[in-house]
Amino acid sequence: MSEVLRQDVAPNVHIPEVFNVATIMVDRHLAEGRGGKVAIYYEDQEITYADVLAFVNRTGNALRDLGVQIEDRVLLLLLDCPEFVYSFFGAIKIGAVPIPTNTLLKPADYEYMLNDSRAVVAIVSEALLPQIQAIPRERLRYLRHLLVVGNAPSGTLSFTDLLERASPELEPEPTHKDDAAFWLYSSGTTGFPKGCVHLHHDMVYCAEYYAKGILGIHEYDRTYSVAKLFFAYGLGNALYFPFYVGASTILFPGPPTPANVYWVIERYRPTLFFSVPTNYAMLLAQEGNYDLSSIRLAVSAGEALPPAIYQRFLERFGIRILDGIGSTEVLHIFISNRPDDVRPGSSGKVVPGYEVKIVDEEGRPVPVGEIGDLWVKGDSTCAFYWNKHEKTKETIQGHWIRTGDKYWQDSDGYYWYAGRSDDMLKVGGMWVSPVEVENCLMEHEKVLEAAVIGRPDQDGLIKPHAYIVLRPGYEPSEALAEELKEFVRGRIAAYKRPRWIEFVDQLPKTATGKTQRFKLRELASKRSGERT
Ligand code: 3UK
């Protein structure tokens, strides 16, 4: 397997048929003399590649002892911590399929993912356990064991205890390069999230083409990703990119407040820094003198980076943020700015290893300068959506996948984001479905109808704005607006709550009674135009 890795230049990634990606990301470093090198910085610990290998092996053995078999799913609900790494690669090494999940969701979301995936084991951080315990156990048809990282109450198993009893020696399952390696859930406008099934070769592809090809990642880098490991973005940034080249990752389990982020940067001195536009704006809003001199490259993704944030960051810290677009389906970034070639406001140029096209409704390429639908081709794309055959066929067509994004290309070859073709919003880099927020608002006894659109805040970043028609007999007020925001926050993930509530007498509708969100968007942008 190691000849795969010695050809370290991007264009030809050759992966053998029998291939277990955990061996490339973990085992290989011992053979290459990196056993004593720090793989993970976490709190006061410096965890070496030799330590990681032993813990990954123990985790794989512990899962096998619990009856986990090849292709079985293992759901991860974990803060960024070393146990995430052990669970992820430990599961993969025995041919099982880990599913990292968003830690900010609600019990109903986890209930869906546990049943849809039929995960037999869930590995959960102690702090997040209440979200799982709130699900009535009889509703979980497939879950057999709940492993807790931290204090394990009765009815659950202690992750640490299981590891202590397990052997640190483990032969990898001889999986195929096209076996499922892990899943990631991605949400859409309506319906439940879709499990994107990623294969053993996918991570290698992104690490070669984007991390090495664009960022030039090498073994002396230290990564720090504000985007957590459960995002496709964070998973590459802070796990399989550094592990692919034997670099070090900094894991921080807490929330990414500006104070925390500056503290992590100054204490651990990352060379590669990854974040999302909302967080860059928050960092800029925080006054003070911070030492960011360790950072050789800063990356932004998840939503478009407004040029003003790029400029302010450059002026204050002397760092050019590299914006790039990726997706859960493609796994990581496929169009990106380059360290020596940035066009602020654009997503940059295509990453070698990928092809993109911008097409009209009939699938014909549109002329340069015109907006169309962005399609992408590359071998890191997920194989399919689990148990969603129709959605798979709508999204993946042969070698090509539709991103759902509108884009245009300028005459110099740079790609520019021009909005979504659905009504989905990216808020702080995370998906928000207007339909989900509207449905939640309409559960409130005083709400007759609701419509949600994206509205730019003072930094040009999109946040949810709700239009509300009240039931007869109720009057609009500031207090009611606040009550509705809190109502949403208590029921669905907090980042989905509307930041503005506007009471109206009626909503614009089509002849068939469908709310016309585009009319509300037009109204909102006309009004903000009048204000400036
Ligand atoms: C939007 C962007 C403009 C776009 C992701 C880096 O965001 C990631 O994955 P998701 O599945 O969302 C994908 C969608 O998000 N988007 C992402 N980046 C940009 N729009 N400019 C950008 N730079 O709508 C895209 O289709 O959550 C990002 C790496 C891996 C990822 N999964």
Side-chain angles (χ1 to χ4, degrees), residues 100-102 104 182-189 193-196 198 202-203 205-207 209-211 214-215 223 225-241 274-280 298-307 309-310 321-337 342-351 354 356 358 371 373-376 378 380-382 385 395 401-408 414-433 454 456 460-462 493 495:
T101 58
N102 186 333
L104 305 170
F182 63 100
W183 299 7
L184 293 166
Y185 275 94
S186 178
S187 12
T189 337
K194 305 163 289 222
C196 301
H198 276 287
D202 295 355
M203 292 190 278
Y205 201 89
C206 295
Y209 286 106
Y210 173 71
I214 302 295
L215 304 179
T223 59
S225 176
V226 167
K228 300 288 182 187
L229 291 172
F230 65 76
F231 290 106
Y233 179 43
L235 188 71
N237 302 341
L239 186 51
Y240 67 84
F241 291 172
F274 303 86
S275 195
V276 296
T278 304
N279 192 261
Y280 281 112
V299 175
S300 175
E303 57 183 316
L305 180 72
I309 295 180
Y310 171 89
I321 304 173
L322 299 185
D323 188 7
I325 176 182
S327 76
T328 307
E329 285 81 349
V330 182
L331 191 55
H332 218 279
I333 290 174
F334 52 86
I335 296 177
S336 178
N337 285 283
V342 176
R343 184 153 296 188
S346 85
S347 306
K349 292 178 179 166
V350 64
V351 173
Y354 293 90
V356 300
I358 301 175
I371 294 177
D373 296 314
L374 182 72
W375 295 52
V376 54
S380 56
T381 302
C382 67
Y385 296 129
T395 309
I401 177 160
R402 313 164 99 109
T403 61
D405 295 307
K406 297 282 182 193
Y407 259 83
W408 62 279
Y414 297 89
Y415 287 86
W416 296 78
Y417 178 72
R420 293 279 310 167
S421 14
D422 51 26
D423 287 323
M424 291 295 281
L425 312 177
K426 261 312 182 77
V427 178
M430 288 181 285
W431 285 126
V432 175
S433 159
L461 295 162
I462 296 296
Y495 62 85

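Numbering of ligands and ligand atoms starts at 1, following listing order.
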Protein heavy-atom partner closest to [atom] - residue, atom, separation in Å:
atom                    : value
atom 31 (C) of ligand 1 : S327 N, 3.6 Å
atom 25 (C) of ligand 1 : D405 OD2, 3.2 Å
atom 1 (C) of ligand 1  : G302 O, 3.5 Å

**Complete:** The ring pair (Phe, Tyr, Trp, His ring centres under 6.0 Å) partners of W431 (sequence neighbours excluded) come to none
**Item:** ring pair (Phe, Tyr, Trp, His ring centres under 6.0 Å) involving Y407 - partner list, sequence neighbours excluded
**Value:** Y417
**Working for side chain to side chain donor-acceptor pair (under 3.5 Å), residues E303 and T278** = CA-CA 9 Å; E303 57 183 316; T278 304; 3.1 Å; yes
**Asked** With a cut-off of 4.0 Å, which atoms of ligand 1 are near a heavy atom of A304?
**Response** 3 (C), 20 (N), 21 (N), 22 (C)
**Request:** Identify, by atom number and element, the atoms of ligand 1 in contact range of T328, meaning under 4.0 Å from any of its heavy atoms.
**Result:** 9 (O), 10 (P), 11 (O), 27 (O), 32 (N)
**Message:** Taking the six-membered ring of Y414 as reference, does the cationic atom of K349 (NZ for Lys, CZ for Arg) lie under 6.0 Å from its centre and within 45° of its axis?
**Reply:** yes
**Asked** Would you call the rings of Y233 and F274 parallel, tilted or perpendicular, where under 30° means parallel and over 60° means perpendicular?
**Response** perpendicular
**Parallel, tilted or perpendicular: rings of Y209 and Y354 (30°, 60°)** = perpendicular
Heavy-atom distances under 4.0 Å are what count here, so tell me which part of [X] touches ligand 1: side chain, backbone, both or neither.
X    : answer
R420 : side chain
W431 : side chain
E303 : backbone
Y233 : both
D323 : side chain
L331 : backbone

**Prompt:** Would G404 count as a contact of ligand 1 if the rule is a heavy atom under 4.0 Å away?
**Reply:** no
